[in-house]
Every structure is written in C-alpha cells, then in structure tokens.
Amino acid sequence: MASSFERAVKRNQQKVNKNRKKKGQPVLGSGVENEDIFKGRAFIFPFVLVVLAFMFLTLSGVTKDGVSGFDWFVFVLYIGLALMYFLRRPYLKVGKKRIKTIKLSRERSLGVEDIKRIVVDKGSIIIEHNAKGSNWAFSRLLNLYDTDAMGERLITFAQTHQIPVEDKKALKEAK
C-alpha cells in the first residue's frame with residue numbers, strides 16, 4: 001500500500017472517530033501503528049550518580065562547617081536524578097516502516113531508507129544508518145535488553161524491507 005494512501009486512510013479514520021466520539025459511539029481501530037517495543041534498563045549512569053551524591057556528601061562533611069542544608073539539597077537532587085534515569089527505561093520500537101529509540105531524552109527514529117545495515121551479535125545489536133550521528137547500539141550488558149528477541153524481530157524487519165543483515169550469532173553457532 002502506498003504511503004500516501006495509508007496517510008489518507010489514517011486521516012479519514014481520525015475524522016470518522018472524531019465524529020463517532022461526539023455522538024458517544026465507540027471509536028474504530030486504535031489509530032496507532034502497531035509497534036513491537038523492547039525495553040531495557042539503564043543502571044550504570046544512575047549508579048554513578050548515586051556514588052557521586054554520596055561522595056559529595058562525604059566530602060562536604062569533612063570541612064569545618066560540616067554538612068549544610070545546601071549540601072543535603074544537592075544530595076537529594078543527585079538521588080532524584082539517579083532515580084529518574086533508573087525509572088525511565090530505554091527502548092527500541094520496531095514499527096512497520098520505522099525504528100525508534102530514545103537518545104538524550106528525545107525519541108529518535110529511522111526510516112527504512114536511512115538504515116544501511118543491521119549487525120546482530122550475541123548480546124548486542126548495531127544498527128548502521130545514513131542519518132546524522134553515530135550508529136545505534138543496543139547491548140544486553142549495558143542496558144539489559146533482550147537482544148535475542150530484538151535480533152529476531154529486526155531480522156524479520158530487514159527481510160521485509162531488503163536491508164542487509166549480518167547475523168554474527170548464527171555464524172558462530174554454525175561453526
């Protein structure tokens with residue numbers, strides 16, 4: 001299906017759903033693209049922030065004045081920042097024609113035409129692209145991603161859109 005036709009269908013569906021909502025009828029379809037979401041867990045940076053917070057508090061207690069109210073305030077801010085990064089889980093969304101992830105607190109996406117190659121290895125996945133910035137890397141060690149499930153889904157995605165895939169994991173298992 002052409003993308004312009006998909007957009008026209010989506011636009012008309014939104015219009016129909018808006019009218020149905022006004023009349024109190026249930027909406028048709030979700031209007032949201034089906035995406036497979038693979039969530040990880042960031043734990044290294046929050047751990048570093050907690051260590052820095054305790055180090056700051058300890059070092060401020062060494063001075064003559066001891067720990068002041070401002071020191072406690074900064075300590076709580078560091079702990080809050082660590083908690084925020086720990087609770088906000090990094091993810092990879094694989095949609096019909098796009099791949100999305102969170103980078104520097106923003107959702108970044110790559111279209112099929114931007115992806116050069118996908119490298120699937122044991123414990124890591126690298127998506128090489130033509131867009132600005134470095135390649136996207138997803139690791140089981142650093143962010144606790146389920147790289148096996150992600151690899152299978154990305155291989156299916158790549159086969160659908162004729163994107164080259166280097167499956168190092170399968171090559172290692174074949175040897």
Side-chain angles (χ1 to χ4, degrees), residues 1-21 25-49 81-82 84-175:
M1 206 175 348
S3 60
S4 62
F5 181 71
E6 286 180 8
R7 284 194 301 267
V9 168
K10 190 175 180 180
R11 200 173 329 126
N12 288 335
Q13 187 179 18
Q14 287 174 344
K15 195 182 293 181
V16 168
N17 282 337
K18 192 175 178 181
N19 286 337
R20 289 179 67 91
K21 209 176 206 180
Q25 297 172 336
V27 294
L28 300 174
S30 64
V32 177
E33 183 183 356
N34 256 349
E35 295 176 327
D36 292 327
I37 302 173
F38 302 96
K39 290 187 175 182
R41 176 67 72 186
F43 65 97
I44 295 175
F45 188 60
F47 178 73
V48 168
L49 286 174
L81 187 64
M84 185 187 85
Y85 272 99
F86 183 74
L87 294 178
R88 193 188 65 195
R89 300 176 71 178
Y91 59 83
L92 173 70
K93 291 181 184 176
V94 182
K96 203 172 179 182
K97 292 183 177 179
R98 300 197 75 77
I99 295 177
K100 300 174 185 172
T101 189
I102 190 163
K103 295 254 180 212
L104 298 175
S105 301
R106 286 184 45 202
E107 185 173 276
R108 309 287 171 131
S109 69
L110 286 176
V112 171
E113 64 278 355
D114 295 331
I115 300 172
K116 264 197 305 195
R117 189 173 73 139
I118 297 174
V119 179
V120 178
D121 200 356
K122 185 180 179 184
S124 68
I125 293 173
I126 298 171
I127 299 173
E128 297 176 4
H129 56 84
N130 298 325
K132 196 174 179 181
S134 61
N135 295 332
W136 291 4
F138 303 94
S139 169
R140 177 185 305 258
L141 179 69
L142 296 178
N143 285 350
L144 306 176
Y145 283 111
D146 183 10
T147 53
D148 295 333
M150 287 171 68
E152 291 174 14
R153 178 63 178 102
L154 285 173
I155 287 172
T156 306
F157 178 82
Q159 288 171 346
T160 305
H161 301 289
Q162 287 87 33
I163 297 170
V165 175
E166 184 177 340
D167 192 359
K168 291 181 177 178
K169 189 174 79 178
L171 291 174
K172 287 177 185 174
E173 291 174 359
K175 288 183 182 178

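Throughout, numbering of the chain's residues begins at 1 and tracks the sequence.
Between the CD1 atom in Ile127 and the CD1 atom in Ile99 there is a gap of 4.5 Å [rounded to 0.5 Å]. Rounded to the nearest 0.5 Å, atoms CZ (Arg88) and OG (Ser105) are 4.0 Å apart. Atom CZ of Phe45 and atom CG of Leu81 lie 6.0 Å apart (nearest 0.5 Å). In this structure, NE2 on His129 lies 5.5 Å from CG on Leu110, to the nearest 0.5 angstrom. We find the CG-CD1 distance between Leu141 and Ile44 to be 6.5 Å, quoted to the nearest 0.5 Å. One distance of note links CZ of Arg98 with CD of Glu113; it measures 6.5 Å at 0.5 Å rounding.
Sparse packing is recorded around CZ of Phe47, with 12 or fewer heavy atoms of other residues, nucleotides or ligands lying under 6.0 Å away. Counting heavy-atom neighbours within 6.0 Å of Lys122 NZ, excluding the residue itself, gives a total of 12 or less.
Between the Arg41 side chain and the Arg89 main chain, no donor and acceptor come within less than 3.5 Å of each other.
Considering all non-hydrogen atoms of both residues, Asn143 and Ala42 come closest at OD1-CA, 4.1 Å. Taking every heavy atom of both residues into account, Ile163 and Lys116 meet most closely at CG2-O, 4.2 Å. Taking both residues in full, the closest heavy atoms of Ser124 and Thr147 are given as N-CG2, 4.0 Å, listed atom of the first, atom of the second, then distance. In terms of heavy-atom proximity, Ile125 sits nearest to Gly151 at CD1-N, 3.4 Å.
Side-chain contact between Tyr145 and Pro90: present, with at least one pair of heavy atoms (C-beta onward) separated by less than 4.5 Å. By the 4.5 Å heavy-atom criterion applied to side chains, Phe157 and Ile115 are counted as neighbours. The side-chain heavy atoms of Ile102 and Tyr91, taken from C-beta on, include a pair separated by under 4.5 Å. Within the 4.5 Å cutoff, no side-chain heavy atoms of Lys100 are placed close to those of Val94. The side-chain heavy atoms of Ile155 and Gln159, taken from C-beta on, include a pair separated by under 4.5 Å.
Screening Gln14, Gln13, Lys21, Lys15 against Asn17 for a side chain to side chain contact (heavy atoms under 4.5 Å, CB included) leaves a single residue, Gln13.
Listed by first then second residue, pairs satisfying salt bridge (Lys or Arg N to Asp or Glu O under 4.0 Å) with a partner in residues 124-135 read Arg117-Glu128, not counting sequence neighbours.
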